[in-house]
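All values derive from a computational prediction rather than experimental measurement. Convention: sequence-line order gives letters A, B, ...; per-chain numbering from 1.
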Number of protein chains: 2
Amino acid sequence: MFKKVLIVDDHASANSGVLEVLDGLKIEREHIYKSQYCDDAQLKMKRAVLDGEPFDLLITDLSFRDDHRPEKLTSGEALIKALRVDYPEMPIIVFSMVDLLQKVRMLVNEHQVNAYVCKGREASKELKQAIEAVSNKQRFLSQRVQNALSTKNNLEITDFDIELAKQLSFGKLQNQISDYFKDNDISPSSVSSIEKRLNKLRIQFKADNATHLVAKMKDLGLI
Amino acid sequence: MFKKVLIVDDHASANSGVLEVLDGLKIEREHIYKSQYCDDAQLKMKRAVLDGEPFDLLITDLSFRDDHRPEKLTSGEALIKALRVDYPEMPIIVFSMVDLLQKVRMLVNEHQVNAYVCKGREASKELKQAIEAVSNKQRFLSQRVQNALSTKNNLEITDFDIELAKQLSFGKLQNQISDYFKDNDISPSSVSSIEKRLNKLRIQFKADNATHLVAKMKDLGLI
DNA sequence: GCAATCCTTACGGGTTACCGTAACACTACT
DNA sequence: AGTAGTGTTACGGTAACCCGTAAGGATTGC
């Protein structure tokens, strides 16, 4: 089991919930550190390594509110990305409200996150399971996002699609989007292709028109 | 100070943060009740009144995850609305991630919420202040949403506008929206009026077209 | 009571979106 | 080389949106 843990969450109250779980796993409070800012968390990490007593485990949220103070790392994702450069093997558990499969898939595949626990009613139970699993070198995903990695959910939504939908949500016309794509060397760029892609997306998301599509994709947090 | 408190939040971990605040205010744990579901919270409320020992204070979140079990009240807002019918004077503190001024304004004006505290770094401190203020019959708003009630932010966005934008986001055509309004006795209902209102909204939100408008209003949490 | 104003509704013309069809290019497989 | 499949681009027709104008109804103020 882990000995030295860093919890990163801007909610002090959320932290106390995590603490209880760690108590239940017999991890001593004196070896549990907390941070409310991502920059601070990164510093604590580096410091610990320099002191020869690195952390065993990182448990972090994803979203952090903007504060008065300027920060380099403004999200859990940025923190994870930064840490993975120096500590590719460090066990990381994400503990977040977000339950978007797209997000989970990305964090696990791109950033080698070891577990993803959704905050919710079952959070404490699942967080405990996650910690135990990770300490046994296993991966853990919350029930809610279980099938984030199954291939059948891979609806092949490309970066192009996301970019296209974003441009739409900015209020651009199809020919303006075409011009934009031409200017930025994004292919395909013809109005016709843009129409076709949008048509596919509308079918995929069961949307009746462009507005509906944008609304749905925004609900899913894709744009 | 309050004696009997009900905390409604689907995150058990969030609850424990609130508990600490209540500890600091010398509110006895045996008089603190928790609920993870809105329906359950409503029942507890009614039960307490029937038993002749009603709650002094309600602290509730706004968003609750869907669960397997079917529920009547699926949001904190619905809970508050339902409770206000029977207990118009009950002190209510909202404790939520949401920091949209529109939402705060609505809850305070429409549902007579007594305090609104945003979850975040300062949450514990502010929650304490909120409880103290409410116990002194004062209103409290988090720093973050201080100016939710200032008139200058009132851009005269009516319920009609919201409803209209919502229908748009559902992918409906203008004449379908017209039909819908006619069926539901919402006035005005002509396509021409709908066009006009949308035009106003586009100007107000600096949106280039309907899609852009829906995207912006979704960003603001208005729909 | 009357006028000014606002709101609702209707209509027409220009623009954009939506949809089917089709030509052309590129790839992969035989 | 041939063929099937996929992706990009182009075009035309219909429908929906966008915008200005204008008439009729409701409201307000004098």
*Asks:* Taking side chain as C-beta onward, heavy atoms only, is A/Met217 less than 4.5 Å from A/Ile162?
*Replies:* yes
*Asks:* Quick check for you: among D/dC17, C/dA10, C/dT16, whose closest atom lies nearest to any side-chain atom of B/Ser192?
*Replies:* C/dA10
*Asks:* Looking only at side-chain atoms of B/Gln174, point me to the closest of C/dA17, D/dC18, D/dT8.
*Replies:* D/dC18
*Asks:* Between C/dT16, C/dA10, C/dC7, which nucleotide has the shortest distance from any of its atoms to the side chain of B/Lys200?
*Replies:* C/dC7
*Asks:* Under 4.0 Å between a side-chain N or O of B/Arg197 and OP1 or OP2 of C/dT8?
*Replies:* yes
*Asks:* Has B/Ser190 got a side-chain N or O lying under 4.0 Å from the OP1 or OP2 atom of C/dT9?
*Replies:* yes
*Asks:* Can you measure A/Leu164 atom CG to C/dA17 atom C1' for me and round it to whole angstrom units?
*Replies:* 13 Å
*Asks:* In whole Å, what is the span from the CD1 atom of B/Ile177 to the P atom of D/dC17?
*Replies:* 8 Å
*Asks:* Using a 4.5 Å cut-off on heavy atoms from C-beta on, say whether the side chain of A/Arg202 contacts that of A/Asp208.
*Replies:* no
*Asks:* Does a nitrogen or oxygen in the side chain of B/Arg202 sit under 4.0 Å from OP1 or OP2 of D/dC19?
*Replies:* yes
*Asks:* Side-chain donor or acceptor of B/Glu195 under 3.5 Å from a matching atom on the base of D/dC19?
*Replies:* yes
*Asks:* Measuring from the side chain of A/Lys196 (C-beta onward, heavy atoms only), which nucleotide among D/dT9, C/dT9, C/dC18 has the closest atom?
*Replies:* D/dT9
*Asks:* Both B/Ser189 and A/Thr211 contact DNA chain C. Taking the nearest nucleotide for each, which residue is further toward the 5' end?
*Replies:* B/Ser189
*Asks:* So does A/Ile186 get a backbone contact from the side chain of A/Asn184, meaning a donor-acceptor N/O pair under 3.5 Å?
*Replies:* no
*Asks:* Atom CZ in A/Arg197, atom CD1 in A/Ile177: separation rounded to 0.5 Å?
*Replies:* 13.0 Å
*Asks:* Measure from the side-chain heavy atoms of A/Asn199 and tell me the nearest of D/dT8, C/dC19, C/dT9.
*Replies:* C/dC19
